[in-house]
Participant: 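My questions all concern the structure below.
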Amino acid sequence: MPETILVERDGRVATITVNRPDKLNALSQQVRDEVLAALAELEHDDSVGVVVVTGAGDKAFIAGADISEFEGRGPMDQREAMRFPRLYDVMASFPKPVIASINGFCLGGGCELAMSCDVRIASEKARFGQPEIKLGLIPGGGGTQRLPRLVGIGHAMRLTLTGDMIGAAEAKEIGLVELVVPHEELRAKTLELAHKIAAMSPLTVRVAKEALRASERLPLTEGIVYERDLFCLCFSTADMREGVKAFLEKRPAVWQGR
Ligand code: COA
């Protein structure tokens with residue numbers, strides 16, 4: 001049984017809650033290992049269509065890597081702690097959509113984890129930042145790569161080089177989060193979004209995520225070719241036949257996931 005996370009189900013939506021509120025849900029090695037183990041299970045569970053990641057308590061989503069673990073570590077110890085598979089990459093390439101539900105401080109590794117998710121929905125109270133510079137460090141969970149892709153190089157430089165925190169409204173303005181909602185509505189709005197996606201064909205959702213993720217690594221011309229191939233692949237699925245038939249018959253589609 002995991003000790004630092006909670007895993008709950010609500011229909012086809014599974015929520016992983018990092019559960020160390022007294023440490024602002026800091027990402028210890030144990031948290032990372034337990035989230036990875038939970039994802040490995042959810043990946044093969046056909047009853048789950050979407051995964052939500054959030055933090056316990058009212059104060060923090062995740063306030064970064066657990067800084068207490070850095071003390072006394074040499075570079076090789078740190079390299080071992082950052083061994084593959086990395087949680088950030090596993091989330092980004094997870095075959096089901098992962099939604100970050102950001103309920104408070106979203107800092108350092110927490111912000112990097114949120115950026116590895118597919119969609120970010122935040123409470124008005126959420127605060128964002130990459131404060132590693134204040135520790136004599138740089139972001140190490142993909143922040144120097146994912147942040148500029150989301151917000152542009154200028155904002156990424158500003159946030160990374162100052163370590164400044166920004167509020168939810170500014171995070172939305174620069175593209176770091178997609179949706180901002182009143183704090184007390186965060187859970188309901190997150191589930192609403194998650195259930196909407198989970199109601200689509202899981203097969204098609206998977207292919208769509210794969211195509212969108214490819215845009216992060218492929219040049220445009222190659223990405224367009226890849227998209228065409230995936231689009232044509234959809235013609236092999238029963239769900240595509242059903243989706244088109246249902247539209248023409250003016251009725252809701254019934255997905256089979258094949
Ligand atoms: N790693 C380990 N412990 C952390 C932590 C982290 N990233 N962030 C917070 N905590 C712990 C604090 O040490 C404190 O523990 P204690 O009660 O045993 O002393 C507890 O969580 C509460 O945090 P506290 O600092 O008292 O809350 P605050 O409201 O005064 O400040 C923050 C909130 C987020 C501004 C502050 O905790 C902070 O700067 N955290 C570190 C953020 C960071 O640098 N992240 C990047 C890491 S690479």
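Just so you know, ligand 1 is whichever comes first in the structure, and atom 1 is the first atom listed for that ligand.
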Participant: How about atom 26 (O) of ligand 1: does it have a protein heavy atom within less than 4.0 Å?
Facilitator: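 Within 4.0 Å: no protein heavy atom nearby.
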Participant: Using a distance-only test with no angle check, is there a side-chain donor-acceptor pair under 3.5 angstrom linking Asn19 and Thr17?
Facilitator: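 No - no donor-acceptor pair under 3.5 Å links their side chains.
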Participant: For atom 45 (N) of ligand 1, what is the nearest protein heavy atom, given as residue, atom name and distance?
Facilitator: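 Looking at atom 45 (N) of ligand 1, the protein heavy atom closest to it is Ala63 O, 3.0 Å.
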Participant: How close does the nearest protein non-hydrogen atom get to atom 10 (N) of ligand 1, and which residue and atom is it?
Facilitator: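 Checked against all protein heavy atoms, atom 10 (N) of ligand 1 sits closest to Lys23 O, 3.8 Å.
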Participant: Do Arg83 and Glu80 pass the salt bridge (charged side-chain N to carboxylate O under 4.0 Å, His left out) test, and can you show the C-alpha distance, the side-chain angles, and the key distance before you say yes or no?
Facilitator: CA-CA 5 Å; Arg83 66 186 172 274; Glu80 173 58 18; 3.4 Å; yes
Participant: Can you check atom 19 (O) of ligand 1: any protein non-hydrogen atom closer than 4.0 Å?
Facilitator: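 So far as the 4.0 Å threshold goes, atom 19 (O) of ligand 1 is out of reach of every protein heavy atom.
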Participant: How far is atom 1 (N) of ligand 1 from the closest protein heavy atom, and which atom is that?
Facilitator: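 I find the closest protein heavy atom is Ile67 N, 2.9 Å.
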Participant: Among all the protein's non-hydrogen atoms, which is closest to atom 36 (C) of ligand 1, and how far away is it?
Facilitator: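 Ranked first by proximity to atom 36 (C) of ligand 1 is Leu24 CD1, 4.5 Å.
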Participant: What are the two closest non-hydrogen atoms of Glu34 and Ile5, and how far apart are they?
Facilitator: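 That closest heavy-atom pairing would be O-CD1, 3.4 Å.
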Participant: Report yes if Phe70 has an N/O atom closer than 3.5 Å to an N/O atom of ligand 1; otherwise report no.
Facilitator: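 No.
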Participant: Mark whether atom 31 (O) of ligand 1 lies under 4.0 angstrom from at least one protein heavy atom.
Facilitator: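 It does not: no protein heavy atom is found less than 4.0 Å away from atom 31 (O) of ligand 1.
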Participant: Only heavy atoms of Glu132, strictly under 4.0 Å: list the atoms of ligand 1 that pass.
Facilitator: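 Checking each atom against Glu132, I get 48 (S).
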Participant: Among protein heavy atoms, which sits nearest to atom 46 (C) of ligand 1, and what does the distance come to when rounded to 0.1 Å?
Facilitator: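 Residue, atom and distance for the closest contact: Pro131 CG, 3.9 Å.
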Participant: Give the numbers and elements of all ligand 1 atoms closer than 4.0 Å to a heavy atom of Lys59.
Facilitator: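 Reading through ligand 1 atom by atom, the close ones are 27 (O), 28 (P), 29 (O).
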Participant: Between Arg146 and Ser116, is there a side-chain donor-acceptor contact under 3.5 Å, judged purely by atom types and distance?
Facilitator: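 There is such a pair between these side chains.
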Participant: For atom 35 (C) of ligand 1, grab the closest protein heavy atom and report residue, atom and distance to one decimal in Å.
Facilitator: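 Checking every protein heavy atom, the shortest distance to atom 35 (C) of ligand 1 gives Met165 CE, 3.8 Å.
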Participant: For a quick check under 3.5 Å, do Glu8 and Thr15 share a side-chain donor-acceptor pair by atom type?
Facilitator: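 Per modelled atom types, Glu8 and Thr15 side chains form no pair under 3.5 Å.
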Participant: Do you know the tightest heavy-atom contact between Val205 and Met200?
Facilitator: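 That would be CG2-CB, 3.6 Å.
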Participant: Considering non-hydrogen atoms of the protein only, which is the closest contact for atom 14 (C) of ligand 1, and what is the distance?
Facilitator: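 Result for atom 14 (C) of ligand 1: Asp22 O, 4.3 Å.
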Participant: For atom 38 (C) of ligand 1, find the nearest protein heavy atom and state the residue, atom name and distance (0.1 Å precision).
Facilitator: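 Here the nearest protein heavy atom works out to Leu107 CD1, 4.8 Å.
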Participant: Does Lys245 come within less than 4.0 Å of Glu242, counting only side-chain N to carboxylate O?
Facilitator: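 Not counted as a salt bridge, because no side-chain N and carboxylate O are separated by less than 4.0 Å.
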Participant: Distance under 4.0 Å to a non-hydrogen atom of Asp66: what atoms of ligand 1 satisfy this?
Facilitator: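 Numbered from 1, ligand 1 contributes 1 (N), 2 (C).
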Participant: Counting only non-hydrogen atoms of the protein, does one fall under 4.0 Å from atom 16 (P) of ligand 1?
Facilitator: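 Yes, because at least one protein heavy atom sits under 4.0 Å from atom 16 (P) of ligand 1.
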Participant: Give me the one residue out of Glu184, His183, Lys189, Glu185 that meets side-chain hydrogen bond (donor to acceptor under 3.5 Å, both in side chains) with Ser123.
Facilitator: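 One option only clears the test, and that one is His183.
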Participant: Could you walk me through whether Glu69 and Gln29 pass the side-chain hydrogen bond (donor to acceptor under 3.5 Å, both in side chains) check?
Facilitator: CA-CA 8 Å; Glu69 293 184 347; Gln29 188 65 55; over 6 Å; no
Participant: Checking side-chain polar atoms at under 3.5 Å, does Asp66 have a donor or acceptor matched by the opposite partner on Ser28?
Facilitator: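 Result is no, nothing qualifies.
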